[in-house]
Amino acid sequence: MSRQSLSIALSGSGGSGVMTCGSMLLEAAGKAGWYGIMTRSAGPQIRGGEAAALLRVSNEPLESHDDSFDLVLALDPGSLGRFVAEIPLRDDSVIICDMAGGRRNATLPETAAREIDLPMKKMAKAVKGGRPNMIALGVLARVIGLPESSINRILDKALKSKGPDALEASRACVKEGFIAAVDLPAFTGPPIVAVPDGERWSITGNEAAGLGAVRGGVRFVAAYPITPATEVLEWLATSLPKLGGVLVQAEDELASINQIIGASFGGKPSLTATSGPGLALMTESIGLSVCAEVPVVVLDVMRCGPSTGIATKNEQTDLNIALNGLHGDAPHLVLAPTSLTDCIFTTQWAVHLAEAMQAPAIVLSDQSLGQTRAIVNAPADIAFLAKREVPEPGEEKLQGETYQRYAIGATGVSPMTIPGQPGGQYTADGLEHTEAGAPSSLYADHLAQLDKRSNKITGFNYGEHWADIDGTGDTMVITWGSACGPVREALTRLRAHGADIKMLAIRLLAPERPEDMSAALEGIKRILIVEQSHSKQFYRYLRAAYDLPGEVRVFNRPGPLAFKPGEIIEQLADWCGGDKS
Amino acid sequence: MSRQSLSIALSGSGGSGVMTCGSMLLEAAGKAGWYGIMTRSAGPQIRGGEAAALLRVSNEPLESHDDSFDLVLALDPGSLGRFVAEIPLRDDSVIICDMAGGRRNATLPETAAREIDLPMKKMAKAVKGGRPNMIALGVLARVIGLPESSINRILDKALKSKGPDALEASRACVKEGFIAAVDLPAFTGPPIVAVPDGERWSITGNEAAGLGAVRGGVRFVAAYPITPATEVLEWLATSLPKLGGVLVQAEDELASINQIIGASFGGKPSLTATSGPGLALMTESIGLSVCAEVPVVVLDVMRCGPSTGIATKNEQTDLNIALNGLHGDAPHLVLAPTSLTDCIFTTQWAVHLAEAMQAPAIVLSDQSLGQTRAIVNAPADIAFLAKREVPEPGEEKLQGETYQRYAIGATGVSPMTIPGQPGGQYTADGLEHTEAGAPSSLYADHLAQLDKRSNKITGFNYGEHWADIDGTGDTMVITWGSACGPVREALTRLRAHGADIKMLAIRLLAPERPEDMSAALEGIKRILIVEQSHSKQFYRYLRAAYDLPGEVRVFNRPGPLAFKPGEIIEQLADWCGGDKS
Amino acid sequence: MTNATTGTGLKAREYKSGIKPVWCPGCGDFTVLGSLTKALSGLQIAPENVAIISGIGCSSRMPTYLSTYGFHGVHGRALALATGLKVARPDLTVIATGGDGDGFSIGGNHFLHTCRRNPDMTYIVMDNQVYGMTKGQASPTTEPNWEKGKLTPSGTGINPFQPLVIALASGANFIARCSSSDQNGTARTIVEAIRHPGFSLVQVLSPCVTFRPEQRDWKKLVQPAPVEATSDPARAARRLLTDKGLFTGVLFKGNRPPYQPLLEPGIDNIAELDEEFRL
Amino acid sequence: MTNATTGTGLKAREYKSGIKPVWCPGCGDFTVLGSLTKALSGLQIAPENVAIISGIGCSSRMPTYLSTYGFHGVHGRALALATGLKVARPDLTVIATGGDGDGFSIGGNHFLHTCRRNPDMTYIVMDNQVYGMTKGQASPTTEPNWEKGKLTPSGTGINPFQPLVIALASGANFIARCSSSDQNGTARTIVEAIRHPGFSLVQVLSPCVTFRPEQRDWKKLVQPAPVEATSDPARAARRLLTDKGLFTGVLFKGNRPPYQPLLEPGIDNIAELDEEFRL
Ligand SMILES: Cc1ncc(C[n+]2csc(CCOP(=O)(O)OP(=O)(O)O)c2C)c(N)n1
Ligand SMILES: Cc1ncc(C[n+]2csc(CCOP(=O)(O)OP(=O)(O)O)c2C)c(N)n1
Ligand code: SF4
Ligand code: SF4
Ligand SMILES: [Mg+2]
Ligand SMILES: [Mg+2]
């Protein structure tokens with residue numbers, strides 16, 4: 001049967017190389033001209049536990065897994081069990097499993113899905129230096145209709161370092177796989193349209209965030225490793241030096257946040273990346289960046305909380321702390337990417353905004369956006385660049401007794417000198433201060449500076465970027481972050497059946513945009529709010545910030561179970577006359 | 001002229017002893033049978049700057065300063081300037097100032113207030129070992145109508161350690177003051193009704209919080225000093241050992257929060273006290289106490305933020321971080337005392353609640369409640385005691401393979417063993433876990449434990465204590481913390497003129513109490529919200545948590561300028577037909 | 001667990017919880033788990049009177065694998081948790097466990113001040129000179145020229161942290177180094193550490209076979225310290241400053257009294273506290 | 001400030017901002033402020049090329065009183081702020097200032113790791129063995145039997161923190177002790193510290209006349225170290241472990257290269273980074 005997209009799950013025990021197989025399959029699909037995504041799932045073992053690669057390919061860009069999987073391949077019979085919840089099947093799904101060495105883990109749900117025993121280990125043994133995962137690669141490529149050529153191009157690239165024998169062995173295994181697959185049920189995937197080299201990218205959300213940061217102008221990063229943010233740092237650690245920038249591995253998050261504040265005080269756009277526990281340690285000093293008006297960007301790649309929670313899994317529950325986690329009245333920016341590729345734009349824009357307003361910006365990415373790898377269209381480079389208002393040497397404000405670092409001014413943004421600039425000396429301070437930066441405990445100074453710090457942020461012109469709005473109608477879905485993907489796909493399906501639904505994906509969470517929001521809510525009668533949180537953090541934020549008209553419904557659940565397009569459609573079914581999918 | 005309460009301001013340069021004079025005057029007033037409050041105000045100097053003692057006495061209990069001051073005494077002419085904003089005067093106010101050594105600081109606002117030059121320094125010189133502040137004590141006592149005897153009783157008590165000469169000198173100065181005051185305009189204060197010894201207490205909110213903590217059962221405290229919470233710790237440092245408890249001065253707030261979690265895991269009810277910056281450092285580990293279900297109490301004595309802000313001044317702006325400062329979905333308790341004496345009850349209740357629910361409780365006191373000294377009626381001792389549900393040795397739940405530390409159960413509160421109890425061994429964990437406490441990354445376990453942790457807190461029976469509600473009518477003032485005092489006085493005045501206004505002072509800020517709140521809001525048409533915050537944190541919290549009926553008005557301003565009863569009355573004027581005060 | 005509740009005749013395996021460790025096959029921490037349970041069985045302390053406290057990291061998973069009380073806290077705070085517990089419950093045997101990142105990077109300040117405070121507890125650090133849990137970054141004990149660190153591709157270029165020297169300089173009362181390759185020796189040292197009053201530091205060289213496979217060679221490189229443990233800080237300092245970090249055994253045994261505020265009430269009725277407030 | 005903007009002929013007072021310090025009359029920090037401005041004038045560094053970085057405390061108010069760039073950060077993080085600034089702006093003269101509580105209690109971890117990292121900056125700690133700003137609690141350097149500490153009424157009972165020993169053990173490259181009673185001597189030492197490459201620690205005994213009035217006697221008790229500064233850590237350690245904390249002068253001068261990643265672009269067009277993502 002032919003489908004517009006194909007979903008494939010690959011599982012195996014530790015060291016069986018399912019991830020390598022999955023990545024190669026994804027890249028091959030990309031080379032062939034398909035779009036695709038791949039996510040990884042693994043047990044608690046640091047190394048050596050069961051692992052699964054979940055793939056989906058299509059000739060349309062993808063942002064979400066499908067409601068169910070077409071094809072499951074298990075290199076070891078025992079390895080499927082732990083992933084059943086993540087691999088919903090249909091009666092017409094196919095399971096290819098190497099039954100050798102164990103009985104197939106019985107916990108698979110009851111479906112009529114057809115099971116086929118394929119002795120991949122045995123086949124691999126027959127090849128000198130062969131490995132079962134390369135057999136699987138061939139099998140899968142053949143079954144989903146990828147040309148052997150595209151696989152071989154990937155093998156060449158991936159194995160050239162490993163020498164000719166390794167390459168030979170893999171090629172041979174792939175060929176074996178292709179042959180073995182001939183009698184397997186074939187899935188006619190989406191039509192294959194070749195695309196010129198370089199037009200498509202293979203990138204993860206974490207790499208995208210790193211790219212957005214340096215595109216925005218970030219040249220100093222200090223950070224302490226933490227899952228699932230570490231890949232952002234790993235990418236920056238190798239990329240920054242190329243640009244004359246630097247990444248410092250700090251002793252802890254207290255050091256990393258303060259190091260970037262220090263570097264930014266020195267004039268370098270600076271960023272740190274972390275996850276919930278690290279963000280919690282940084283809030284005191286993010287408050288310093290608010291009060292001293294030193295711009296920094298803090299990227300939080302969210303994971304399941306509370307506390308250490310589930311470090312490797314997705315949740316959208318650092319919204320509370322990002323919005324309200326600072327002590328005192330501390331206006332700052334909070335943004336969230338609305339898709340994997342948007343991690344580039346949103347991070348880059350965050351750098352621009354932080355620098356323009358001399359304030360901290362927290363970017364809320366999440367494990368799902370960050371660690372998913374996708375084949376996408378080459379993203380455009382947007383012009384947003386760090387641009388900090390610096391007084392010209394010799395400008396009046398530098399004459400006279402002292403430079404007024406915290407001058408109130410019209411916008412609340414006061415030109416900021418950089419150490420080295422003569423006559424611009426001042427002391428940046430976390431104490432409340434006068435316009436000249438001298439400590440003050442007077443109500444008048446406190447009020448004036450509180451107004452300044454909040455006006456500069458609420459009064460800024462953010463243009464259209466505060467949210468992604470599309471569609472029409474009086475029913476609206478409001479969501480954010482990684483929940484946007486499944487929602488978009490659900491709405492695409494519903495609209496294909498004539499439903500009229502509007503979608504609002506909020507990129508700028510703080511400050512609030514009352515006018516923009518009321519414009520967006522114009523004529524809305526029904527609202528569905530979708531978020532991956534047990535305590536409805538996003539819904540409560542919307543309540544506090546905005547007046548939500550009409551009937552409001554909240555579809556929320558904690559991580560790690562990702563939303564499926566079909567589930568969103570169910571939520572909307574009675575609002576648009578029955579399940580249209 | 002006679003008033004039902006008298007307000008007196010005393011100022012002097014560093015070392016002039018205005019605080020001693022003020023405290024003695026307050027105590028004497030208490031001895032004489034009056035109620036009173038005294039707050040301190042000082043410049044940035046650590047020692048030696050100008051200082052002012054602001055007193056108010058009455059024959060009714062007091063919770064707020066008055067709209068203006070009746071009497072100002074300046075030991076040095078220059079010392080008044082910095083406090084003018086805090087010392088509003090009336091045309092019939094009187095200023096007694098020692099003009100010797102300088103011109104009276106010109107910045108006093110324009111009033112017809114009468115000024116009298118009194119050479120207190122000169123008078124003191126005339127007395128062997130005499131000090132001007134003791135002259136002032138005599139003068140003030142006489143002017144407000146305190147018997148010399150009550151002053152002398154205080155002197156005896158205060159100076160006995162200092163030896164007979166010091167006592168003699170002070171007595172002599174006081175007498176001189178009394179004589180000199182004869183020709184000064186006298187204020188007939190409220191009638192003096194003697195009360196038996198011990199019926200009245202002299203206490204600060206910080207001491208009250210400490211007392212509430214030990215009454216609640218707290219026997220372990222770890223903390224790191226910070227203004228304005230330090231006095232809580234100082235009181236506990238000397239009081240805990242008497243009770244077989246201990247206070248550990250930790251190396252930082254990360255250590256103090258984790259030390260109390262460790263001690264509580266060991267079975268000892270534990271507390272730490274801090275202020276905004278310290279709370280910010282603790283949030284990660286407060287999340288641990290949520291997830292591992294280890295009860296702790298964190299007392300935050302709030303001060304002006306953001307960042308270091310104004311460390312010595314009052315503001316109510318740690319509400320955001322207390323409610324929403326934890327990463328992930330982390331249900332916990334947030335409480336706030338509704339008056340200075342209520343610091344005892346609320347802290348004690350917080351210990352009780354934390355222990356009963358095995359969850360962290362954050363108590364939001366503030367600088368104004370904490371550092372004000374008041375003469376009050378001896379507070380009752382309430383029965384609330386730390387009571388943690390511990391499985392009986394030999395109970396079933398201890399048999400079988402392993403003890404189910406995190407058993408879901410009916411209420412979500414699962415009996416918690418204490419190290420030393422045989423068969424009750426378990427590992428407390430910040431990782432998501434199964435009912436037995438084994439780490440788990442499964443959705444089902446995560447959901448079950450998230451439900452457990454939130455149900456145990458939302459389902460608890462808090463009785464009437466969630467808020468102080470008084471009055472009737474369809475107009476309501478909703479407020480919290482130190483803002484309650486001026487509001488109560490305003491309403492008392494308005495009601496005396498027949499206005500019908502309801503007051504809601506919220507003690508339990510989290511979890512929310514939807515039923516209780518709708519009952520309280522029954523029939524309300526107009527709401528005034530009063531809070532000391534620039535960004536309307538309390539109003540935004542109320543919006544997110546509750547549906548506020550009718551017309552809603554917010555009277556908010558940042559610290560350090562305290563609310564005055566008259567200002568609240570102005571806000572309500574048009575709602576209850578003109579200023580009724 | 002019936003006889004686990006009485007302190008008699010307990011075998012090492014009875015100190016195990018039975019939960020399967022998440023560790024990679026071959027990880028040194030397996031052996032340390034073995035040494036720890038052997039030590040506890042050697043001391044015959046009832047599991048309910050032992051508390052194993054840790055932070056976050058592969059090595060910090062330890063408490064979960066024992067049948068004692070345990071606390072798997074947040075990253076870097078194990079010693080603060082343990083100090084609170086020990087001060088509040090002097091009757092318990094408190095043991096903190098963790099890694100070089102947890103203890104010396106994010107946890108460095110608590111390490112300094114716990115050594116100073118000298119509570120009567122034992123701290124076992126599984127040092128693999130890497131962050132294992134987060135997949136291979138340099139730790140404070142990593143050599144400056146290790147170029148495989150994922151955040152320090154050209155090496156850290158900075159002075160490695162010397163845990164034993166810092167412990168000595170801050171006031172730790174017992175300092176030892178072990179190698180996970182010697183399970184029984186490590187067990188014996190842990191027994192000594194627990195018995196010695198005050199704060200005992202046991203650094204165990206415990207290979208991370210996944211991110212530092214070369215550490216498998218440690219078993220060949222380590223050797224017993226040539227001299228007896230000293231109680232003279234100056235002498236111990238000279239030795240530690242010169243040793244290459246591969247001498248095992250007890251290196252310092254001090255005699256500072258442990259930190260333990262006594263917990264005896266001075267008054268019998270809490271109401272007595274009210275007096276100071278009465279006018 | 002015209003000639004303050006050129007580095008020539010600047011007098012000490014021109015390095016003062018003119019803002020009145022909040023310090024108590026007689027506080028040792030006044031003299032340290034004098035020494036620091038004298039040192040800067042001695043070096044004739046233009047004020048705009050100097051950044052004074054601090055945390056919170058009486059001593060941490062320092063930056064406000066100078067006419068240079070300054071950052072008065074949060075409590076305990078001065079060295080992290082300063083490290084970020086120095087790594088990003090190697091051209092600046094970065095000086096961190098603060099107190100014993102800010103630097104060794106809450107700031108202890110950054111102290112350890114900044115010594116290890118060894119950036120080219122100077123750290124001036126005004127040690128008064130007390131928390132002045134919060135009105136008189138014991139600090140890490142307080143003697144164990146000081147019973148006036150408001151949170152430790154019967155003394156801390158714990159081992160004082162030895163900043164110079166820890167600095168040495170962690171890798172600081174220059175270690176000196178001064179007394180605020182000798183303003184010129186302190187100024188000279190600060191000059192040396194700034195000139196010496198890498199991380200320089202200058203501990204200044206600076207009395208808190210309000211909460212530790214007895215410290216006024218320090219001026220009588222301190223004496224110049226009997227020996228020249230050494231560059232041998234082992235020897236320096238032996239000396240520091242035995243000295244009573246009252247020897248002044250430069251005690252250690254190391255020769256470890258400072259931490260300074262170079263900031264030179266390897267590619268001229270950022271778009272080159274896109275390549276790795278293209279299929
Ligand atoms: C506040 C915080 N920051 C960062 C992390 C991520 N993290 C978990 S373990 C770890 C390092 C562990 O290294 P080590 O203590 O040496 O243990 P090992 O895994 O090597 O045994 C880090 C950085 C975290 N969990 N919490
Ligand atoms: C996070 C945080 N915790 C606590 C405080 C309160 N605090 C301010 S200064 C200080 C100690 C200062 O001692 P030290 O560094 O020795 O400076 P000194 O006043 O003695 O010069 C403390 C505890 C704070 N400002 N921030
Ligand atoms: S990663 Fe290293 S430390 Fe962690 S379990 Fe594997 S081998 Fe052990
Ligand atoms: S309190 Fe002590 S340290 Fe602070 S200014 Fe006064 S004398 Fe100096
Ligand atoms: Mg390690
Ligand atoms: Mg100090």
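Since this is a predicted model, take the numbers as computed values, not measurements. Letters A, B, ... mirror the listed sequences (proteins, then strands); counts begin at 1.
When all heavy atoms are compared, the tightest approach of B/Phe265 to C/Gly70 is CZ-O, 3.4 Å. Scanning all heavy atoms of the two residues, the minimum distance from B/Ala263 to C/Ala88 falls at CB-CB, 3.6 Å.
Using a 4.5 Å cut-off between heavy atoms, B/Leu211 contacts chain C through its side chain alone, with no backbone atom that close. For chain B, the nearby part of C/Pro261 is the side chain; its heavy atoms alone come within less than 4.5 Å. Using a 4.5 Å cut-off between heavy atoms, B/Lys31 touches chain C through backbone and side chain atoms alike. Neither the backbone nor the side chain of B/Ala222 comes within less than 4.5 Å of any heavy atom of chain C. With a 4.5 Å cut-off on non-hydrogen atoms, B/Pro241 touches chain C through its backbone but not through its side chain. Both the backbone and the side chain of C/Thr64 come within contact range of chain B, with heavy atoms under 4.5 Å apart.
Screening residues 75-88 of chain C for side-chain hydrogen bond (donor to acceptor under 3.5 Å, both in side chains) gives A/Tyr224-C/His75, C/His75-C/Asp102, C/Arg77-C/His110 as the qualifying pairs, with residues at least two apart or on separate chains.
Among the candidates B/Ala378, B/Gly266, B/Cys291, the residue making the largest number of heavy-atom pairs closer than 4.5 Å to chain C is B/Gly266. Contact count versus chain B (heavy atoms, under 4.5 Å) is highest, among C/Val94, C/Ile52, C/Val50, C/Asn109, for C/Asn109. Contact count against chain C (heavy-atom pairs under 4.5 Å) is highest for B/Leu288 among B/Asp197, B/Leu288, B/Val246. No other option in B/Gly430, B/Gly198, B/Gly420 has as many heavy-atom pairs under 4.5 Å with chain C as B/Gly420. Of the listed residues (C/Asn49, C/Val74, C/Thr114), the greatest number of heavy-atom pairs within a distance under 4.5 Å of chain B belongs to C/Val74. Of the listed residues (B/Leu240, B/Asp252, B/Val195), the greatest number of heavy-atom pairs within a distance under 4.5 Å of chain C belongs to B/Asp252. Ranked by heavy-atom pairs under 4.5 Å with chain C, the first of B/Ile257, B/Asp381, B/Leu431 is B/Leu431. Ranked by non-hydrogen atom pairs under 4.5 Å with chain C, the options B/Val294, B/Val376, B/Leu243 are led by B/Leu243.
Residue C/Leu263 holds its CG atom at 11.5 Å from CZ of B/Arg219, rounded to the nearest 0.5 Å. Atom OG of B/Ser285 is separated from atom CG of C/Leu81 by 7.5 Å, given to the nearest 0.5 angstrom. Here OG1 of B/Thr427 is found 9.0 Å from NE2 of C/His72. Values are rounded to the nearest 0.5 Å.
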message = Walk me through whether C/Val87 and B/Phe220 qualify under side chain to side chain contact (heavy atoms under 4.5 Å, CB included).
response = CA-CA 9 Å; C/Val87 171; B/Phe220 182 90; 3.7 Å; yes
task = Would you sort out whether C/Arg89 and B/Ile418 count as a side chain to side chain contact (heavy atoms under 4.5 Å, CB included), showing the intermediate values?
result = CA-CA 10 Å; C/Arg89 290 292 308 278; B/Ile418 300 306; 3.3 Å; yes
ask   = side chain to side chain contact (heavy atoms under 4.5 Å, CB included) between B/Gln421 and C/Tyr69: does it pass, once the steps are laid out?
value = CA-CA 9 Å; B/Gln421 178 163 353; C/Tyr69 280 90; 3.5 Å; yes
message = Applying side chain to side chain contact (heavy atoms under 4.5 Å, CB included) to B/Val248 and C/Arg117, what does each step give before you reach the verdict?
response = CA-CA 11 Å; B/Val248 180; C/Arg117 215 175 262 121; 4.1 Å; yes
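A salt bridge does not link C/Arg116 to B/Glu251: none of the charged nitrogens lies less than 4.0 Å from a carboxylate oxygen.
Annotation: residues 265-279 of chain C contacts chain B through C/Pro265, C/Gly266, C/Ile267, C/Ile270, C/Leu273, C/Asp274, C/Glu276, C/Phe277, C/Arg278, C/Leu279 [non-hydrogen atoms, separation under 4.5 Å].
Every residue two or more places apart in sequence or in another chain that forms a side chain to side chain contact (heavy atoms under 4.5 Å, CB included) with B/Leu155 is listed here: B/Met24, B/Met134, B/Leu137, B/Ile151, B/Asn152, B/Leu159, B/Leu167, B/Ser170, B/Arg171, B/Val174.
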Name each donor-acceptor pair under 3.5 Å that joins a side chain in residues 163-174 of chain C to protein atoms two or more places apart or in another chain, with its distance.
unit_1, atom_1, unit_2, atom_2, d
C/Ser170, OG, C/Ile166, O, 2.5
C/Asn173, OD1, C/Asn255, N, 3.2
C/Asn173, OD1, C/Arg256, N, 3.1
C/Asn173, ND2, C/Pro197, O, 3.0
C/Asn173, ND2, C/Arg256, O, 3.2

